[in-house]
Number of protein chains: 2
Amino acid sequence: MTNHDRFLSRAAERMQQSAIRKMGAVVASGRDIISFAPGYPAPDTFPWDAFSEIAAELFASRDPGVLQYGPTRGYRPLLDVIASIQHSRGMDTAIEELLVTTGSQQGLDLVARVLIDPGDVILVELPTYVGAITAFRNVQAAMIGVPQEEDGIDLAALDATLQRLRGEGRRVKFVYVVPNFQNPTGLLIGLQKRERLLEWAQRRDMLLVEDDPYRELYFEDSADEAAVRPIKAADRSGRVVYLSSFSKTLAPGYRVAWIAAPPPLAAKLEMAKQAEDLLTGSLDQRIVYEACRRGILERQLPLLRRHYADKRDVMERALTRDLGDAVSWPKPKGGFFLWLTLPAGIDADRMLPRAIEEGVVYVAGEAFYVDTLRQGQGKNTMRLSFSAPTHDRIEAGVSRLARAVRGELAALATKVAAATPGAP
Amino acid sequence: MTNHDRFLSRAAERMQQSAIRKMGAVVASGRDIISFAPGYPAPDTFPWDAFSEIAAELFASRDPGVLQYGPTRGYRPLLDVIASIQHSRGMDTAIEELLVTTGSQQGLDLVARVLIDPGDVILVELPTYVGAITAFRNVQAAMIGVPQEEDGIDLAALDATLQRLRGEGRRVKFVYVVPNFQNPTGLLIGLQKRERLLEWAQRRDMLLVEDDPYRELYFEDSADEAAVRPIKAADRSGRVVYLSSFSKTLAPGYRVAWIAAPPPLAAKLEMAKQAEDLLTGSLDQRIVYEACRRGILERQLPLLRRHYADKRDVMERALTRDLGDAVSWPKPKGGFFLWLTLPAGIDADRMLPRAIEEGVVYVAGEAFYVDTLRQGQGKNTMRLSFSAPTHDRIEAGVSRLARAVRGELAALATKVAAATPGAP
């Protein structure tokens with residue numbers, strides 16, 4: 001058999017499987033496992049009947065474009081709809097700034113390929129989205145994390161990090177941020193801080209990559225439309241590349257998302273996409289377009305906000321009931337995720353077999369930390385997705401998690417006792 | 001405004017728009033243009049009713065997987081179907097060797113990312129598929145072309161090229177071939193040559209990337225099942241990465257294709273795909289799976305073979321009628337393309353405005369030539385796709401093309417006469 005290692009690119013040598021996708025294999029194993037691991041939308045919220053009607057009409061039309069190749073930029077009527085969505089979010093976006101992508105994951109990958117050379121530094125929130133880590137790592141970026149405060153990324157630390165890196169002669173390309181209900185922490189960057197971040201980017205001649213898949217899913221008891229205003233809405237000088245998606249509001253299986261970028265970058269992103277997959281699925285783009293045109297998306301949003309806010313409530317109540325003061329988390333004001341900090345000493349990754357034994361999975365926090373200087377950070381954290389399971393399953397899952405945590409604490413106590421000289 | 005050039009990666013600096021996709025803009029301009037440019041399947045052959053029925057049942061099932069995220073490798077039942085398609089083509093392929101891709105374009109891109117470092121050499125047929133050129137160029141590969149004979153790539157030239165490059169210390173990663181009805185020439189690699197190519201790869205410790213989108217579309221008057229046997233069917237030592245697709249047999253708008261690769265490479269290709277788009281569209285994969293399971297694909301194939309063979313006949317007759325001995329081409333034994341050689345002196349790219357004036361477009365042959373040492377080669381060639389236009393449009397398009405060629409020849413004669421000293 002051929003030894004294939006010798007043929008691999010340096011990028012491929014460094015490629016790793018994502019911790020979240022690995023978790024999929026555990027859940028698929030057939031046991032009764034309650035999964036808080038992947039950020040899946042709730043399939044019972046999908047507008048099945050509307051989609052079915054749209055698909056029937058599209059097929060009946062015999063319009064070749066429904067199943068044919070099409071332009072790399074995207075289906076033109078869909079681009080127009082996206083421009084109007086951008087407008088409703090406070091951004092005036094020309095068509096030549098837009099590109100439909102095959103999910104926001106492709107958006108991140110295209111951004112990575114167009115902006116990053118091996119060794120370039122990307123600054124990211126600490127912790128940050130694993131999909132971005134994967135995309136940036138696959139082009140051999142160096143990622144440096146910047147801690148977050150209650151209202152998002154620490155600007156003083158950000159500036160100090162940039163200055164230090166520039167002092168070392170490193171080329172820093174952009175800051176990657178998820179300002180709305182960040183994955184994994186659920187945090188929201190404060191409005192004032194958004195402005196200051198943009199001013200900083202201008203002053204320091206940096207780009208910002210703003211990833212915004214969750215913005216429509218604000219929970220009305222704690223956030224509103226104004227609180228989720230994109231950084232790009234104030235961008236007058238082409239500093240911000242903005243990504244958003246229909247995956248969390250219509251359905252992820254269509255793989256339809258978009259990038260809004262300054263025209264010279266949008267042109268390069270299109271060329272990168274041309275090589276990557278020629279175009280996003282034609283039927284998928286048409287269905288998403290029709291769902292927007294017919295007001296389906298509009299009708300979904302308030303339902304989704306309530307649906308996910310209720311699930312957050314169920315998870316918070318269960319955590320308080322079953323784990324009380326042993327754990328803490330910032331209250332999610334929107335999105336899919338709750339970021340749990342466990343008692344110090346617990347290693348969420350090492351606890352995973354025990355959790356699986358109890359019948360529950362999560363993503364250990366470590367996966368979201370990129371900073372090699374800080375390795376070991378976040379060991380006692382985990383990301384819990386409350387989006388997909390039912391209320392009952394969320395409650396049962398938290399009880400299972402609590403049993404795993406208590407079991408782990410007991411095991412740690414025994415180990416400490418055994419290691420203490422003179423203990424009985 | 002920010003100067004974005006400074007932020008571009010070296011790969012992005014080199015990215016270019018594909019000649020074929022540019023042509024799309026001309027056709028979209030609204031004039032009556034007959035397009036022989038893109039390799040589009042004929043939309044009137046799509047099994048619209050079957051697709052409609054399948055989609056209705058999938059939506060009615062409310063099966064979350066129809067619209068949810070799913071495994072990066074692909075929908076498991078679809079992978080099983082692909083394994084059986086592989087088997088019917090003479091290849092025994094284990095599931096861990098397979099990966100569903102978002103069109104074969106993604107397959108080429110993943111292969112490029114997993115195997116190529118900047119500066120690595122890839123050997124390609126001359127001329128070769130532009131989508132592959134784009135994917136390989138985007139990872140900064142150096143491409144070197146090897147001429148083709150009547151039965152495909154010239155093995156003596158291939159070996160001489162490899163030895164020369166190795167002598168120069170270059171790292172040559174693989175040979176990219178389209179053995180069945182090559183894009184753009186329509187050529188078929190002879191069966192004996194396939195065997196010798198594989199033996200050569202083994203002897204010289206090379207990989208082969210075998211791109212096979214057209215194999216089902218052999219024309220029964222000039223080729224058969226035996227003639228399109230994949231090189232990979234004889235591969236016992238993991239030398240061949242094989243790509244194929246449902247785009248040409250079901251519909252391209254679904255973006256469903258696959259790679260079969262030795263397990264260590266398949267694992268890396270999966271990791272690359274994870275970063276690139278997480279998964280191929282869920283609904284698309286389900287529709288394609290159902291179309292296979294229900295025998296729709298099976299029923300399509302003989303219809304498609306006749307459909308495209310008839311169109312090839314129409315184009316050949318029209319070319320003989322309108323251009324006679326002025327042009328030549330190898331008879332397409334399958335696929336979508338006819339590779340036309342024009343009278344010497346005509347530059348197909350420079351003739352394009354005249355052709356557009358006449359109301360016809362094609363892809364000038366130059367786009368398919370990668371070899372910088374041979375620039376200028378293929379200037380008097382063009383790729384004509386006979387797949388999408390109706391019989392009438394093919395006839396009319398060839399007449400328009402003939403007018404453009406005659407106009408171009410007349411203009412050249414005038415220019416020559418004007419440049420001849422002493423001419424009246």
Side-chain angles (χ1 to χ4, degrees), chain A residues 1-2 4 7-12 15-18 21 24 40 43 46 48 51-52 55-56 59 62 64 66-69 71-72 102-103 105-106 109 113-117 134-135 138 173 207 237-239 251-255 262 264-265 268 271-272 274-278 281-284, chain B residues 1-2 4 7-12 15-18 21 24 40 43 46 48 51-52 55-56 59 62 64 66-69 71-72 102-103 105-106 109 113-117 134-135 138 173 207 237-239 251-255 262 264-265 268 271-272 274-278 281-284:
Chain A
M1 193 46 88
T2 308
H4 295 97
F7 290 95
L8 294 181
S9 65
R10 282 185 293 276
M15 285 176 190
Q16 294 168 28
Q17 229 197 333
S18 130
R21 311 287 301 174
Y40 283 14
F46 297 157
W48 290 94
F51 288 149
S52 185
F59 284 122
R62 297 283 191 279
V66 172
L67 293 176
Q68 190 58 282
Y69 291 108
T72 301
T102 305
Q105 185 64 45
Q106 182 182 54
D109 193 66
R113 297 181 78 169
V114 164
L115 295 178
I116 303 173
D117 282 313
T134 312
N138 276 11
K173 279 287 179 74
L207 298 180
S237 53
R239 287 285 157 195
Y254 295 125
R255 317 300 305 119
L265 292 183
K268 288 294 182 182
M271 291 175 210
Q274 204 167 82
E276 218 171 71
D277 68 358
L278 285 180
S282 306
L283 175 66
D284 292 333
Chain B
M1 193 44 91
T2 309
H4 296 96
F7 290 95
L8 294 181
S9 65
R10 281 185 293 275
M15 285 176 190
Q16 293 166 30
Q17 227 196 338
S18 133
R21 312 286 301 175
Y40 283 14
F46 297 158
W48 291 94
F51 288 150
S52 184
F59 284 121
R62 297 282 191 278
V66 171
L67 292 176
Q68 190 58 283
Y69 291 109
T72 300
T102 305
Q105 185 63 46
Q106 183 181 53
D109 192 67
R113 297 182 77 169
V114 163
L115 294 178
I116 303 173
D117 282 313
T134 312
N138 276 11
K173 279 288 178 76
L207 298 181
S237 53
R239 287 283 158 196
Y254 295 125
R255 319 300 304 120
L265 291 184
K268 287 295 182 181
M271 290 174 210
Q274 204 167 80
E276 216 170 75
D277 68 357
L278 284 180
S282 306
L283 175 65
D284 291 334

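Because the structure is predicted, anything quoted here is derived from the model rather than measured. Naming: A, B, ... by sequence-line order, numbering from 1 per chain.
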So which heavy atom on [X] is nearest to which on [Y], and how close?
X	Y	result
B:Gln274	A:Gln16	OE1-O, 4.1 Å
B:Leu8	A:Asp117	O-OD2, 4.2 Å
A:Ala12	B:Val114	CB-O, 3.4 Å
B:Gln68	A:Pro252	OE1-CG, 3.3 Å
A:Ala55	B:Phe59	CB-CE1, 3.6 Å

Does [X] use its side chain to pair, donor to acceptor, with the backbone of [Y] at less than 3.5 Å?
X	Y	answer
B:Ser237	A:Thr2	no
B:Gln105	A:Ala275	yes
A:Ser9	B:Arg113	yes

Show your reasoning for whether side chain to side chain contact (heavy atoms under 4.5 Å, CB included) applies to A:His4 and B:Leu207. CA-CA 9 Å; A:His4 295 97; B:Leu207 298 181; 4.1 Å; yes
Under 4.5 Å to a heavy atom of chain A? For B:Ile116 that would be backbone
Okay, B:Phe51 and chain A: the region with an atom under 4.5 Å from a heavy atom over there is both
Can you confirm whether more than 12 heavy atoms, excluding those of A:Arg10, are under 6.0 Å from its CZ atom?
no
**Prompt:** When you look at A:Arg255 and B:Leu278, which way does the side chain to side chain contact (heavy atoms under 4.5 Å, CB included) test go after all the steps?
**Reply:** CA-CA 9 Å; A:Arg255 317 300 305 119; B:Leu278 284 180; 3.8 Å; yes
Heavy-atom pairs under 4.5 Å with chain B, option from [options] with the top count:
options	answer
A:Gly103, A:Ser282, A:Ala135	A:Ser282
A:Ala56, A:Pro43, A:Ala11, A:Pro264	A:Pro43
A:Met1, A:Lys173, A:Glu276	A:Glu276
A:Leu265, A:Val66, A:Leu115	A:Leu115
A:Gly238, A:Ala272, A:Pro262, A:Ala251	A:Gly238

CE (A:Met271) and CG (B:Asn138) are apart, to the nearest 0.5 Å, by 9.5 Å
Output for pair (B:Asp284 CG, A:Asp284 CG), nearest 0.5 Å, gives 4.0 Å
Assert top hit (heavy-atom pairs under 4.5 Å, partner chain A, pool B:Lys268, B:Gln106, B:Arg62) equals B:Arg62
